[in-house]
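Please read the structure below before turning to the comments.
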2 protein chains.
Amino acid sequence: MDVTENKTAKGIQTQLHIMNIALDLFKKYGYDKISVDRIVKESNTSKGSFYQHFPSKSSIFMMRFMEMDEHYIHIYEDIEQKYSSAIERLEAFFLAVLRCIEKELGKDLMRVIYSAAVISNEHTFFTNEDRKLYTILRQIITDGKQDESIQNISSTHDFFQSIVQSFMGAIYFWGLQLDNTELEELGRPLIGQIIAGLR
Amino acid sequence: MDVTENKTAKGIQTQLHIMNIALDLFKKYGYDKISVDRIVKESNTSKGSFYQHFPSKSSIFMMRFMEMDEHYIHIYEDIEQKYSSAIERLEAFFLAVLRCIEKELGKDLMRVIYSAAVISNEHTFFTNEDRKLYTILRQIITDGKQDESIQNISSTHDFFQSIVQSFMGAIYFWGLQLDNTELEELGRPLIGQIIAGLR
DNA sequence: TATATCATTAGACTACAGTCTAGTCTATGG
DNA sequence: CCATAGACTAGACTGTAGTCTAATGATATA
């Protein structure tokens, strides 16, 4: 996470230690109730150490969030086997990712990520074209044009961006809700509507 | 904006004065370069006064943002006359709102709003069902079911939420972009795809 | 082994959003 | 005309994210 990626073994260890302690504290007390001073104290490190390994408080969550892309690869592998047409895979994958986000990361984390990413310029992950999630989505769309299950789209690029916007819209909307409505439930009508436009 | 809405004439004057000074400063130097102390200094008021009239720094932008809903009413009145079917009105209105947001508010303001709204619980405007924008959207959908231009939707409620998510997704996505691509341009494929699913 | 380099660590310090308290002004009702 | 309530103002104070500097540790090369 540091600009210089020349970490020593000790450095990596410290980073993971801080991250584990912090995630535990966030889980127990909530992100905004836990200060960096507290994290530093509980992990027996220091401010200097913390900011050596993390560019910001929110980047702890960001790291967890970024890890998830590896997960999405496995999710897609499963889906690839279950569905024969790309259009079915698109819908199933979209919903599976939403389920995964809610289960593995939770609303608190996603709210922090979405709030920080749009304001800080520090988090370029959302706009990184090489992101695994984006690669998978582009793959599905390409496949869909091939097997002709995805039609009526102006361009792969525009359609890809529409899907990304749908993800963001569903997640952002869910982040705003005070009740416990599931993310998947909120996102299902939107992706369904888009899929309907492809046939 | 204060919890107590019993403002005196002097109070309203002070609030508007602070708001004008602050918006000028934000425009000139950027939101994150201007501190509340600076606003207070430049407007010859005080911290106490500031927080009497605004619950937070970001709420200055929030007030501007909330004002826009009045604008949307006028936009819709124009569109109502130009398009005969509800489905056409939906697409035109969606795009007109995006244009209006970019032109009248700009990306900086929207980034602050989107960042603050999802993290703070202070801003309930996004989840306020009585919001003018939402009323207009529900009206269009109801009209669309009436004139049968909007079909194939499971429920008005779900479709309404999908449209709101589309707004949020397009705006959030636009907020992340570092280039100057227009919001309308980014949102057009998404709403187009959704509209395609209605026919 | 000596030395240079660069990662790591500690913690004092800064900047700034937001709170608190004490006091002033203003409108209203007896 | 006084008393009371509560809106308004000033600015000191607090909490906390993030910076800076100086010191220490590890590694690589001569």
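Residue numbering restarts at 1 for every chain, and letters A, B, ... go by the order of the sequence lines. The model shown is predicted, which means the values in this text are computed figures rather than measured ones. Any value given below was found using the heavy atoms of this structure, including those in side chains, with hydrogens, waters and symmetry copies removed.
Contact check on B:Lys107 versus B:Glu102 returns no salt bridge, with no Lys/Arg side-chain nitrogen under 4.0 Å from an Asp/Glu carboxylate oxygen.
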Please enumerate all protein N or O atoms sitting under 3.5 Å from an N or O of nucleotides 14-17 of chain D, with distances to 0.1 Å.
from, atom 1, to, atom 2, distance (Å)
D:dA17, OP1, A:Lys57, NZ, 3.2
D:dA17, OP2, A:Val36, N, 2.6

Protein-nucleotides 25-27 of chain D N/O pairs under 3.5 Å:
none

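Judged by distance alone, the side chains of B:Asp37 and B:Ser35 never bring a donor and an acceptor atom under 3.5 Å apart.
The side chain of B:His53 approaches D:dC8 more closely than any other nucleotide in the set D:dC8, C:dA7, D:dA10.
A:Ile39 and A:Ile12 are not part of a single hydrophobic cluster, where members link through side-chain heavy atoms under 4.5 Å apart. Following chains of ILVMFWY side-chain contacts shorter than 4.5 Å, one cannot reach B:Met68 starting from B:Leu16, and the two form parts of different hydrophobic clusters.
Rounded to whole Å, the distance from CD on A:Gln15 to C1' on C:dT9 is 15 Å. Here the P atom of nucleotide C:dG18 and the CD1 atom of B:Ile60 are 10 Å apart, to the nearest Å. Rounded to an integer number of Å, the gap from B:Ile12 CD1 to C:dT26 C1' is 14 Å. Atom CD1 in B:Ile39 sits roughly 13 Å away from atom C1' in C:dG18 (whole-Å rounding). Distance CZ (B:Phe50) to P (C:dA17): 8 Å, rounded to an integer number of Å. Across the protein-nucleic acid pair, A:Gln52 atom CD and C:dT8 atom P stand 5 Å apart, rounded to whole Å.
Dashed line: the shortest gap from a side-chain N or O of B:Ser46 to OP1 or OP2 of D:dT9 is not under 4.0 Å. A sub-4.0 Å separation between OP1 or OP2 of C:dT9 and a side-chain N or O of A:Thr14 is present.
Atoms NE2 and CD, on B:His17 and B:Gln15 in that order, are 12.5 Å from each other to the nearest 0.5 Å.
A cation-pi contact links A:Arg38 to A:Tyr29, judged by a cut-off of 6.0 Å to the six-membered ring centre and 45° from its axis.
For A:Asn180, the CG atom sits in a loose shell: 12 or fewer heavy atoms of surrounding residues, nucleotides or ligands are nearer than 6.0 Å.
Both A:Ser49 and B:Gly48 lie near DNA chain C, and the one whose nearest nucleotide falls closer to the 5' end is A:Ser49.
The ring-ring contact (aromatic ring centres under 6.0 Å, His included) check on B:Tyr31 picks up B:Phe26, B:Phe61, with sequence neighbours excluded.
The aromatic ring centres of A:Phe160 and A:Tyr134 sit less than 6.0 Å apart.
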